[in-house]
Amino acid sequence: MNKPEVVMIGLGYIGLPTAALIAQNKVNVHGVDINPNVVETINKGKIHIVEPELDQAVENAVQNGYLKASTSAVEANNYLIVVPTPFKGKNEPDISFVEAATRGIIPLLKEGDLYIIESTSPIGTTEKMRDLIYQERPELKGKLFMAYCPERVLPGNVMYELVYNDRVIGGIDEASTQKALEFYGKYVKGELHRTNARTAEMCKLVENSSRDVQIAFANELSLICDKADINVWELINLANKHPRVNILQPGCGVGGHCIAVDPYFIVSEYPMESKIIGTAREVNNYKSFWCAEKIQTAKLQFELEHGRKPEVALMGLAFKPNIDDLRESPAKYIVNKVLQNDSNGEYFIVEPNIEEHKVFKLTDYKEAIANADIIAFLVAHDEFKGLNLSEDKKILDFCGVIK
């Protein structure tokens, strides 16, 4: 492979598809990941995550010599930081991965290089990294282009959305914004919107916080409707007939690496000002706890009525329908909670999108449905819709599979 044009640091759910997309355009990409297994897998032209069309894109890019993976960075003209930003303490964002990735490329930087952060980050992170870089390399001050450009893609449709979704691009100065705009313009067909780095950072957090607040309203309605003996799915359907009302669907909580996480980036920094955002997080977290309690109650009721412990099917582990991604999954939390409270019970744990799990023994969904006394739908996977459910089974539908 010739000298790479782009170094992509982080080859996960966003980094790898982005690297493959750029490589598809016959641009040499050097991917970096700290996990040697990930590196080895990619260099074989294979993938370590499930995402439609990604396997073909990576295989072609590797075979044609445009994509190579390694555990360390090399010199290039464009550096993209796409690493996780986990939490520390009580829901405080941890930018140590972004900092470590940045420190790894500081010795490689030269005048005219473009440095972009795509990782979800607290406001001011791009400026912090700018200061760090110039502290270590003062001779480059004002000679690098730096920007923040968040991803906004849907797992299961990433390869399409990376190209066709609009992007928000914010530089540390006007020249950096322009340079980043030109970079993304080669690969993105969606509209590119220019702003500054702080606004771009906040934009990413606000998009997901907005979704979290809207889902919290639906989840809160589901709690009220349960007490009021009203079918929440019918209620929302009727309310949405109003021309200016669009209530989302409730679920068993909120998961994933974005919506369940990003609001905390705002709340931790601005606790007094973000009352609605903070409360929405509490409502959505509580919904998962409530679902687990509902399953417990149904089990006790069954035992009282039948004089034996029920067999329970827990349907779904992913954080949303039809994907294999279990990050921050409320369904996984519910399954853990239920098992902790009754380790001797008979459970069928179902997740049709993964073959095996390190902790849970998985069961085929048809077998689980046939044998269980209580069926708790946690994720609305396509496989679960339209199933023939016999009258004698207790159904707990937390995600609108049967509505």
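One-based numbering along the sequence shown.
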Qualifying salt bridge (charged side-chain N to carboxylate O under 4.0 Å, His left out) pairs, either residue in residues 335-349, two or more places apart: Lys299-Asp342, Lys309-Asp342

Min side-chain heavy-atom separation Tyr79-Leu114 under 4.5 Å: no

Residue pair Val379 / Ala318: nearest heavy atoms and the distance that separates them: CG2-O, 3.3 Å

Short side-chain to backbone donor-acceptor contact, Lys393 and Ile369, under 3.5 Å: yes

Exam field: side chain Asn64 to backbone Asn60, donor-acceptor pair closer than 3.5 Å: yes

Mutual orientation of the aromatic rings belonging to Phe377 and Phe384 [parallel < 30°, tilted 30-60°, perpendicular > 60°]: tilted

Partner set under salt bridge (Lys or Arg N to Asp or Glu O under 4.0 Å) for Glu75, not counting sequence neighbours: Lys3

Side chain Ser70, main chain Ser72, donor-acceptor under 3.5 Å: yes

Backbone N/O of Asn28 and side chain of Glu5: donor-acceptor pair under 3.5 Å: no

Distance (rounded to the nearest 0.5 Å) between Asp392 CG and Lys394 NZ: 13.0 Å

Side-chain (Ser268) to main-chain (Glu92) donor-acceptor, under 3.5 angstrom: no

Side-chain touch Thr85/Phe97, heavy atoms, less than 4.5 angstrom: no

Gap between atom CG of Asn78 and atom CD1 of Ile116 - 0.5 Å precision: 6.5 Å

All salt bridge (Lys or Arg N to Asp or Glu O under 4.0 Å) counterparts of Glu136, not counting sequence neighbours: Arg103

Side chain Ser121, main chain Ile117, donor-acceptor under 3.5 Å: no

Exercise: identify the closest heavy-atom pair between Ala76 and Val7: CB-CG2, 3.6 Å

Full working for side-chain contact (heavy atoms from CB on, under 4.5 Å) between Thr18 and Leu162: CA-CA 7 Å; Thr18 306; Leu162 276 176; 3.8 Å; yes

Pairs involving residues 10-38, ordered by first then second residue, that meet salt bridge (charged side-chain N to carboxylate O under 4.0 Å, His left out) (sequence neighbours left out): none

N/O donor-acceptor pair under 3.5 Å between Asp113 side chain and Lys110 backbone: yes

Heavy-atom pair with the smallest gap, counting every atom of Leu16 and Ile42: CD1-CD1, 3.7 Å

Validation row: Thr41, Ile47 side chains within 4.5 angstrom (heavy atoms): no

Residue that, paired with Leu389, satisfies side-chain contact (heavy atoms from CB on, under 4.5 Å) out of Ile375, Asp397, Val401: Ile375

Close side-chain approach of Phe398 and Trp290, heavy atoms under 4.5 Å: yes

Pairs involving residues 128-153, ordered by first then second residue, that meet ring pair (Phe, Tyr, Trp, His ring centres under 6.0 Å) (sequence neighbours left out): none

Residue pair Leu109 / Leu144, side-chain heavy-atom distance below 4.5 Å: yes

Minimum heavy-atom distance between Ala298 and Leu396, given as atom pair plus value: CB-CD1, 4.0 Å

Side-chain donor/acceptor of Thr297 to backbone N/O of Ile295, under 3.5 Å: no

Spatial distance of atom OH (Tyr333) from atom OG (Ser288) [nearest 0.5 Å]: 7.0 Å

Donor-acceptor contact below 3.5 Å, side chain Ser329 vs main chain Lys332: yes

Over 12 non-hydrogen atoms of neighbours within 6.0 angstrom of NZ in Lys241: no

Ile224, CD1: over 12 other non-hydrogen atoms inside 6.0 angstrom: yes

Pairs flagged by side-chain hydrogen bond (donor to acceptor under 3.5 Å, both in side chains) wherever residues 196-216 is involved - sequence neighbours left out: Thr126-Glu201, Glu127-Arg198, Glu151-Lys204, Arg152-Glu207, Asn196-Thr199, Asn208-Asp262, Asp212-Arg281, Asp212-Asn284

Any His48 side-chain heavy atom under 4.5 Å of Asn37 side chain: no

Sequence neighbours excluded, every pair satisfying side-chain hydrogen bond (donor to acceptor under 3.5 Å, both in side chains) that has a member inside residues 355-367: none

Heavy-atom side-chain contact between Val50 and Ile323 under 4.5 Å: no

By salt bridge (Lys or Arg N to Asp or Glu O under 4.0 Å) - contacts of Glu139 (at least two apart): Arg137

Glu182 versus Gln178, side-chain donor and acceptor atoms under 3.5 Å: yes

N-O pairing of Arg167 and Glu118 below 4.0 Å: yes

Intermediate values then yes/no, side-chain hydrogen bond (donor to acceptor under 3.5 Å, both in side chains), Tyr115 and Thr102: CA-CA 9 Å; Tyr115 164 94; Thr102 303; 2.7 Å; yes

Derivation of the side-chain contact (heavy atoms from CB on, under 4.5 Å) call for Leu154 and Asn165: CA-CA 10 Å; Leu154 190 69; Asn165 284 0; over 6 Å; no

Closest heavy-atom pair and its distance - Val58, Ala20: CG2-CB, 4.0 Å

From CG (Leu205) to CD (Glu269), nearest 0.5 Å: 10.0 Å

Pairs flagged by ring pair (Phe, Tyr, Trp, His ring centres under 6.0 Å) wherever residues 164-207 is involved - sequence neighbours left out: Tyr160-Tyr164, Phe183-Tyr187

Whether Thr279 side chain and Lys275 backbone form a donor-acceptor pair below 3.5 Å: yes

Nearest atoms (heavy-atom pairs only) where Ile169 meets Leu181: CD1-CD1, 3.7 Å

Tyr347 vs Leu339 side-chain heavy atoms within contact, under 4.5 Å: yes

Of all pairs that satisfy salt bridge (charged side-chain N to carboxylate O under 4.0 Å, His left out), the ones with a partner from residues 318-330, not counting sequence neighbours: Asp325-Arg327

Sequence neighbours excluded, every pair satisfying side-chain hydrogen bond (donor to acceptor under 3.5 Å, both in side chains) that has a member inside residues 373-387: Arg308-Asp373, Asn322-Asp382, Glu351-His381, Asn353-His381

Distance (rounded to the nearest 0.5 Å) between Ile354 CD1 and Phe360 CZ: 9.0 Å

Residue pairs involving residues 223-232 (criterion salt bridge (charged side-chain N to carboxylate O under 4.0 Å, His left out); sequence neighbours excluded): Asp226-Lys294

From CG (Leu223) to OH (Tyr286), nearest 0.5 Å: 6.5 Å

Heavy atoms of other groups near Leu235 CG, more than 12 under 6.0 Å: yes

